[in-house]
Amino acid sequence: PASTQVLEDAVRWQRPPSTSTGRQGSVYYCAQVSTRPPTIVIFCNDPDLFGQSYRRYLESQLRKSLGFEGTPIRLLFRARRAQRGAPGEQA
């Protein structure tokens with residue numbers, strides 16, 4: 001989808017900052033889940049790793065590229081769930 005491509009380009013252009021302990025935020029994909037207001041869910045490794053300035057940067061990139069100028073949009077950051085039966089996962 002277009003929103004995921006915009007997100008990939010934005011992350012390539014400016015990587016998420018790392019924490020003082022060296023943890024790096026990773027963005028996997030996004031999906032628009034609502035239209036009133038436009039709501040985009042961003043799936044990542046840990047939502048707490050993304051500060052307000054980086055969230056504003058992503059919102060700005062999505063707003064410009066998807067034509068949401070002047071429209072309130074919501075970004076929701078969600079941790080991607082582990083897949084069932086993944087290696088190393090306990091049953």
Side-chain angles (χ1 to χ4, degrees):
S3 57
T4 297
Q5 184 61 48
V6 170
L7 189 67
E8 287 174 358
D9 291 344
V11 171
R12 240 184 260 118
W13 185 256
Q14 182 175 335
R15 298 204 33 93
S18 58
T19 64
S20 59
T21 59
R23 291 193 64 206
Q24 178 81 38
S26 294
V27 175
Y28 301 120
Y29 64 97
C30 68
Q32 184 172 347
V33 295
S34 180
T35 56
R36 291 186 180 208
T39 303
I40 298 172
V41 178
I42 297 175
F43 292 91
C44 57
N45 59 339
D46 184 355
D48 294 335
L49 296 176
F50 297 88
Q52 284 299 85
S53 61
Y54 196 75
R55 289 173 186 241
R56 280 193 304 271
Y57 162 72
L58 291 179
E59 179 181 343
S60 171
Q61 295 301 309
L62 289 165
R63 187 180 295 278
K64 280 192 291 188
S65 298
L66 299 177
F68 288 131
E69 288 97 349
T71 303
I73 63 173
R74 291 187 335 165
L75 292 184
L76 304 175
F77 285 76
R78 297 281 183 256
R80 185 174 73 172
R81 293 186 202 149
Q83 294 179 354
R84 289 185 180 198
E89 183 179 312
Q90 301 211 355

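The residues of the chain are indexed from 1 along the displayed sequence. The figures that follow rest on heavy atoms only: side chains count, while hydrogens, waters and symmetry mates do not. Just so it is clear, the structure is predicted and the values come from calculations on it, not from any experiment.
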Are [Y] and [X] linked, directly or through intermediate hydrophobic residues, by side-chain heavy-atom contacts shorter than 4.5 Å (ILVMFWY only)?
{"X": "Ile73", "Y": "Val6", "value": "yes"}
{"X": "Phe50", "Y": "Leu75", "value": "yes"}
{"X": "Val33", "Y": "Phe43", "value": "yes"}

Is there side-chain contact between [X] and [Y], with at least one heavy-atom pair below 4.5 Å?
{"X": "Val11", "Y": "Pro16", "answer": "yes"}
{"X": "Tyr54", "Y": "Leu49", "answer": "no"}
{"X": "Tyr29", "Y": "Val41", "answer": "no"}
{"X": "Ile40", "Y": "Leu66", "answer": "yes"}
{"X": "Asp46", "Y": "Phe77", "answer": "no"}

In this structure, which one of Arg55, Gln61, Arg63, Arg56 forms a side chain to side chain donor-acceptor pair (under 3.5 Å) with Glu59? Arg63

Closest non-hydrogen atoms of Pro38 and Pro72, given as atom of the first, atom of the second and distance, are CD-O, 3.3 Å

Counting only N and O atoms by type, is there a donor-acceptor contact under 3.5 Å from the side chain of Glu8 to the main-chain atoms of Ala10? no

Taking atom SG of Cys30 and atom CG of Leu76, what is their separation to the nearest 0.5 Å? 11.5 Å

